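The structure appears below as structure tokens.
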Number of protein chains: 2
Amino acid sequence: MVSDKQKNILNFINIFVEKNGYAPSVREICAGVGLKSTSTVQYHLEKLINSGYLQKNYKKSRALTIKSQNPKNKIPILGEIAAGSLLMAEENVIGTVNYPRSEETSELFALSVSGDSMIDEGIHEKDLVIINKSVQIKNGDIGAFLINNTEGTIKFLRKIDGKSYLVPANKNYKNILVNENVQPIGKVVSLIRDM
Amino acid sequence: MVSDKQKNILNFINIFVEKNGYAPSVREICAGVGLKSTSTVQYHLEKLINSGYLQKNYKKSRALTIKSQNPKNKIPILGEIAAGSLLMAEENVIGTVNYPRSEETSELFALSVSGDSMIDEGIHEKDLVIINKSVQIKNGDIGAFLINNTEGTIKFLRKIDGKSYLVPANKNYKNILVNENVQPIGKVVSLIRDM
DNA sequence: GTTTTATTCGAACAAATGTGCTAATATTAA
DNA sequence: TTAATATTAGCACATTTGTTCGAATAAAAC
């Protein structure tokens, strides 16, 4: 299906990207694989794209991406959870973190823990908790919640006498009854602490 | 050091790269962060580069790379620390974990925590601790140690009355005097917990 | 042999893109 | 206040870069 030259080109692109962090231009591919005409490279690129090995962005430079590359594993770190506006608004993103342990990174985001209400569960201030917003928080799980559309918090969800509570892991804090002011955001699936 | 706008730009680049697989052009950054002049973006890029957050390639398009982003981010997870044979022997590797937050991943490895001797420090059984074997463990640090060439453990290193001790974060365990039977392995630099 | 297909080249073009310069405006320091 | 610094804008320019067209060559099929 793809010729040796095409494999050669694909390989060159691969190595180039790994080395430089960005894709080569058509002319750099020329030089890299020993071709003198940009249109020859163009010709091979088209083949590679049709064969599904490459992706290109029309008229954008260095916009080649190699298909079936590793899953995108960067997930956004949210700062303050803005009132009302449900998450993910770009202005709330204060950074990104590599979290390559899951396929469906689009469902994930990270929150920096503030406060010590979960200290007894080994969740410290400044820890980064990874939250999957499409996993339902079940009884006994640790989840992220939005209270009064204002404040984001990490707590246990516990059912006590038929009612649901947000339960801290710190005796100095009280349980919070789950009512219409408490909005579940997602389950805490992982924790990262840098020291 | 870097202004909000600069963080904003860095973040935009981050997200753009994540989304598209290649870096944005100067004009795309303009549009992305709400600036009308390419030279303003140029101005901020220079700041980010001087501050070490970005790398650029002169006159090459879309040739921005975000620093401290290393593709080689898989580090080995060691199981039991085999007696004598210092680490890293392949037979001790029980898996790998992606850990992309450091440059020098070759200095790093991970240990799965066993036992609850550091529970009060929020380090639980089954947690994965990342250890940098080329960072010296200083007084007050949490480090990994090999005891009697047999048993690996995670403890505080504390100097008390001129002597060094391995100090657990759990009253049920005793301090261990550091002598020739205790061998430092490396500093615990990070912790990962999956839930 | 002839025909078809695959590959390569060269040149030219238009668009995308990084860069440089000057000036205006906003912010902060003195 | 004034002075210094930081930020933004606008414009023009030189390159880089993707693209297109036509033709030549090589390889394979017939």
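Everything quoted here is computed from the prediction, not taken from an experiment. Order of the sequence lines sets the chain letters (A, B, ...), proteins ahead of strands, with each chain counted from 1.
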Whole angstrom value for the distance that separates [atom2] of [N] from [atom1] of [X]:
X       : N      : atom1 : atom2 : result
A:Leu35 : C:dG10 : CG    : C1'   : 13 Å
B:Lys5  : C:dT27 : NZ    : P     : 12 Å
A:Lys47 : C:dT5  : NZ    : P     : 11 Å
A:Ile9  : C:dT7  : CD1   : P     : 10 Å

Q: Please check if B:Ile119 and B:Ile192 belong to a single hydrophobic cluster, counting links between Ile, Leu, Val, Met, Phe, Trp and Tyr side chain heavy atoms closer than 4.5 Å.
A: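 Different hydrophobic clusters.
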Q: Please check if B:Phe16 and B:Leu45 belong to a single hydrophobic cluster, counting links between Ile, Leu, Val, Met, Phe, Trp and Tyr side chain heavy atoms closer than 4.5 Å.
A: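 Yes, because B:Phe16 and B:Leu45 connect within a single hydrophobic cluster, where side-chain heavy atoms sit under 4.5 Å apart.
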Q. What residues, two or more places apart in sequence or in another chain, satisfy side-chain contact (heavy atoms from CB on, under 4.5 Å) together with B:Pro168?
A. B:Ser117, B:Lys155, B:Tyr173, B:Asn175
With rounding to the nearest 0.5 Å, note down the distance linking [atom1] in [X] to [atom2] in [Y].
X       : Y       : atom1 : atom2 : result
B:Ile29 : B:His44 : CD1   : NE2   : 11.0 Å
A:Leu54 : A:Ile13 : CG    : CD1   : 4.5 Å
A:Leu48 : A:Tyr43 : CG    : OH    : 11.0 Å

Would a 4.5 Å heavy-atom cut-off, applied to side chains only, mark [X] and [Y] as touching?
X        : Y        : result
A:Asp141 : A:Val135 : no
A:Met118 : A:Phe156 : yes
A:Ile176 : A:Phe145 : no

Enumerate donor-acceptor pairs with a distance under 3.5 Å from any side-chain N or O in residues 157-166 of chain B to protein atoms, sequence neighbours excluded.
none

Q.
So, OP1 or OP2 of C:dA6: does either fall under 4.0 Å of a side-chain N or O from A:His44?
A.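 Answer is no, no contact under 4.0 Å.
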Q: Under the salt bridge (Lys or Arg N to Asp or Glu O under 4.0 Å) rule, collect the residues that match up with A:Lys60, sequence neighbours excluded.
A: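 By the salt bridge (Lys or Arg N to Asp or Glu O under 4.0 Å) rule, A:Lys60 matches B:Glu28.
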Anything under 3.5 Å between a protein N or O and an N or O of nucleotides 14-18 of chain C, put it in a table, one pair a line.
residue: C:dT17; atom: OP1; partner: B:Arg62; partner atom: NE; Å: 3.0
residue: C:dT17; atom: OP1; partner: B:Arg62; partner atom: NH2; Å: 2.4
residue: C:dG18; atom: OP1; partner: B:Arg62; partner atom: N; Å: 3.1
residue: C:dG18; atom: OP2; partner: B:Val26; partner atom: N; Å: 2.6
residue: C:dG18; atom: O3'; partner: B:Lys59; partner atom: N; Å: 3.4
residue: C:dG18; atom: N7; partner: B:Arg27; partner atom: NH1; Å: 2.9
residue: C:dG18; atom: O6; partner: B:Arg27; partner atom: NH2; Å: 2.8

Q) Where does the chain B footprint on DNA chain D start and end, counting 5' to 3' with a 4.0 Å heavy-atom cut-off? A)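 Answer, 5' to 3': D:dA6 to D:dT17.
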(Q) Looking at the base of C:dC9, is there any donor atom on it, or on the side chain of A:Thr40, that sits under 3.5 Å from an acceptor on the other one? (A) no
Q | Net bend of the helix from C:dG1-D:dC30 to C:dA30-D:dT1, end axes of five pairs each, nearest 10 degrees | A |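 One end axis against the other gives 30°.
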